There are 2 protein chains.
Amino acid sequence: MSEKQPDTRSAILSIARDLMRQLGYNAFSYADIARKLDMKNAAIHYHYPAKADLLADVIETYISEYRQLEKQLAGSNLDSCQKLQQFIGKYAQLIGQNSICIIGSVASDYNTLPESVKAKVAGLISLVTGMVEHTLQEGREEGVFRFRETPRVRALLIMTNLAAGVQLARITGKADFVAIEQAIVDQLIQ
Amino acid sequence: MSEKQPDTRSAILSIARDLMRQLGYNAFSYADIARKLDMKNAAIHYHYPAKADLLADVIETYISEYRQLEKQLAGSNLDSCQKLQQFIGKYAQLIGQNSICIIGSVASDYNTLPESVKAKVAGLISLVTGMVEHTLQEGREEGVFRFRETPRVRALLIMTNLAAGVQLARITGKADFVAIEQAIVDQLIQ
DNA sequence: GTCTATATTCCGATAGAC
DNA sequence: GTCTATCGGAATATAGAC
């Protein structure tokens with residue numbers, strides 16, 4: 001909670017989060033992090049002994065943040081459509097950062113992730129899917145959303161639109177992602 | 001064209017295609033390929049001097065195959081819905097192979113790909129998107145498909161459902177992908 | 001408690017043998 | 001034309017200095 005600069009461990013974690021979304025688990029190294037913090041790569045190992053430990057903390061942090069977002073949205077007086085748009089907005093932010101979402105990153109690299117973190121990854125995906133599913137169900141009950149699938153399947157459709165949408169956007173451009181965003185909401189409120 | 005076994009270069013290419021979809025560009029090595037062919041990793045370099053050359057051939061081969069599929073479907077008497085289902089079926093095959101699709105693989109790793117192949121990747125994505133777009137447009141004109149978006153945007157929605165669908169399926173299970181498949185077609189023929 | 005010097009393994013790639 | 005011996009460097013990780 002220092003005001004001057006975050007402690008080393010949080011600084012490492014923050015950079016690792018960015019690198020996970022920009023490059024993926026296998027493509028970044030401790031040296032990349034060390035360079036940005038002007039320290040030796042071996043020094044990272046004091047804070048995170050193995051790369052698997054660092055990945056575990058990245059995933060756990062995302063889980064915490066999504067739980068927090070869930071609470072925040074539940075305590076707000078936003079309607080379901082606004083809640084969904086908050087969620088979509090988090091994806092839109094990624095476009096300008098040359099990043100994909102954490103879920104798409106770990107899902108693509110899943111076969112190469114340390115066994116010790118695979119369960120956490122599954123937990124993150126389950127959490128986020130549940131959030132979207134719940135918002136869809138709520139919106140349907142409120143009468144603001146209309147859709148024919150189960151809330152869970154519709155949640156999967158939307159999450160895959162967003163996850164692969166940001167992946168493609170790095171190649172084909174931002175306009176494609178904006179069109180996807182728009183279509184997701186339009187389909188629901190038709 | 002040998003009947004006994006494919007030549008070394010094609011064998012390398014075939015394994016590289018699988019590894020690209022199972023592990024991604026950064027996570028497989030020449031040693032992985034050499035091991036499966038019982039040769040030294042350095043021998044791969046005779047056939048593909050640099051890893052970028054191997055990736056380029058993988059992408060070009062996919063482009064050729066998709067062009068061929070395009071011709072084959074155009075020359076068939078399948079209706080648009082059957083054509084789309086052929087396309088979706090190619091994704092469904094991946095599920096049992098612990099693989100994601102080539103587009104999702106290269107899109108996720110895009111920032112780390114050799115500059116020399118990025119344009120080819122963009123070409124592949126443009127080709128496949130165009131195929132789906134064309135099938136959707138045709139189906140709408142035939143009256144078998146109904147949708148409100150432009151064919152291009154609808155193609156993006158479907159491609160992102162499929163690409164991220166296979167990514168998630170490795171973690172959450174095949175049932176989720178089957179539900180996505182079903183929903184894609186159901187939405188179009190409603 | 002924090003970081004540096006160093007070890008070890010593996011990577012992609014080259015030069016040269018056959 | 002095809003493959004092997006080998007290199008230079010980068011990766012993760014350990015042991016020990018401060």
Side-chain angles (χ1 to χ4, degrees), chain A residues 1-2 4-20 22-59 105-106 108-118, chain B residues 1-2 4-20 22-59 105-106 109-118 120:
Chain A
M1 279 301 200
S2 156
K4 301 179 64 176
Q5 53 183 357
D7 60 298
T8 306
R9 187 181 159 99
S10 345
I12 294 168
L13 179 62
S14 171
I15 292 169
R17 284 162 54 105
D18 291 344
L19 290 173
M20 276 295 297
Q22 285 164 10
L23 306 179
Y25 183 70
N26 299 290
F28 83 86
S29 73
Y30 273 34
D32 292 327
I33 299 172
R35 204 175 306 118
K36 299 199 192 209
L37 293 176
D38 195 29
M39 52 198 293
K40 304 286 177 180
N41 59 347
I44 313 289
H45 285 276
Y46 165 68
H47 303 278
Y48 293 100
K51 201 177 177 184
D53 300 316
L54 179 52
L55 176 62
D57 203 3
V58 168
I59 304 300
S105 172
V106 293
S108 298
D109 289 344
Y110 192 71
N111 282 350
T112 72
L113 299 185
E115 289 299 325
S116 55
V117 302
K118 287 188 176 178
Chain B
M1 278 301 198
S2 155
K4 301 179 63 177
Q5 53 183 358
D7 61 298
T8 306
R9 188 182 159 98
S10 345
I12 293 168
L13 180 62
S14 171
I15 293 169
R17 284 162 54 105
D18 291 344
L19 291 173
M20 275 296 297
Q22 284 164 9
L23 306 179
Y25 183 69
N26 299 290
F28 84 87
S29 72
Y30 273 33
D32 293 327
I33 299 173
R35 204 177 303 118
K36 299 199 191 208
L37 293 175
D38 195 30
M39 49 198 297
K40 304 287 176 179
N41 60 347
I44 313 288
H45 285 276
Y46 166 67
H47 303 278
Y48 292 99
K51 202 177 178 185
D53 300 317
L54 180 52
L55 176 62
D57 203 3
V58 168
I59 303 301
S105 172
V106 293
D109 289 345
Y110 192 70
N111 281 350
T112 72
L113 299 184
E115 288 300 324
S116 54
V117 301
K118 286 188 177 180
K120 288 186 209 293

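Model, not experiment: these values are computed from the prediction. Here is the naming used below: chain letters follow the sequence lines, and residue numbers restart at 1 for every chain.
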Completion exercise
Testing dA13(D), dA13(C), dC3(D) for proximity to the side chain of Met39(B), the answer is dC3(D)

Exercise for the section: State whether His47(B) places a side-chain N or O below 4.0 Å from either non-bridging phosphate oxygen (OP1 or OP2) of dC3(D). Expected result: yes

Practice task
Verify side-chain contact (heavy atoms from CB on, under 4.5 Å) between Leu13(B) and Tyr48(B), making sure each step is shown before the conclusion.
Solution key: CA-CA 9 Å; Leu13(B) 180 62; Tyr48(B) 292 99; 3.8 Å; yes

Exercise for the section: With heavy atoms under 4.0 Å as the rule, sort Tyr30(B) into base, sugar-phosphate or nothing. Expected result: sugar-phosphate

Handout entry: Proximity to the side chain of Ala43(A) - top-ranked nucleotide from dT4(C), dA5(D), dA13(D)
Key = dT4(C)

Problem - Ser29(A) vs dA11(D): side-chain N/O to OP1/OP2 distance below 4.0 Å - result: yes

Practice task
Using whole Å, report how far NZ of Lys51(A) lies from C1' of dA13(D).
Solution key: 13 Å

Practice task
May I have the distance from Arg9(A) (atom CZ) to dG1(C) (atom C1'), rounded to whole angstrom?
Solution key: 14 Å

Practice task
Please state how far atom CD1 in Ile33(A) lies from atom P in dA11(D), giving the value in whole angstrom units.
Solution key: 11 Å

Practice task
Check every strand shown and say whether Phe28(A) touches a base, only sugar-phosphate, or nothing at a heavy-atom separation below 4.0 Å.
Solution key: sugar-phosphate

Exercise for the section: Flag yes if more than 12 heavy atoms outside Lys40(B) fall under 6.0 Å of its NZ atom; otherwise flag no. Expected result: no

Handout entry: Any donor-acceptor pair under 3.5 Å from Asn26(B) side chain to Asn26(A) backbone
Key = no

Practice task
Please assess Phe28(A) against Lys51(A) for the test side-chain contact (heavy atoms from CB on, under 4.5 Å), listing each intermediate value before the final yes or no.
Solution key: CA-CA 10 Å; Phe28(A) 83 86; Lys51(A) 201 177 177 184; 3.8 Å; yes

Completion exercise
From CG of Asn41(A) across to P of dA15(D) the rounded distance in Å is 17 Å

Handout entry: Length of the CG-P vector between Asp38(A) and dC3(C), whole Å
Key = 12 Å

Problem - Short side-chain donor-acceptor distance under 3.5 Å, Ser10(A) and Asp7(A) - result: yes

Handout entry: Gap between atoms OH and P, on Tyr46(B) and dT2(D) respectively (whole Å)
Key = 4 Å

Problem - Distance in angstrom units between Leu23(A) CG and dA11(D) P, rounded - result: 11 Å

Problem - Distance in angstrom units between Leu54(A) CG and dA13(D) P, rounded - result: 10 Å

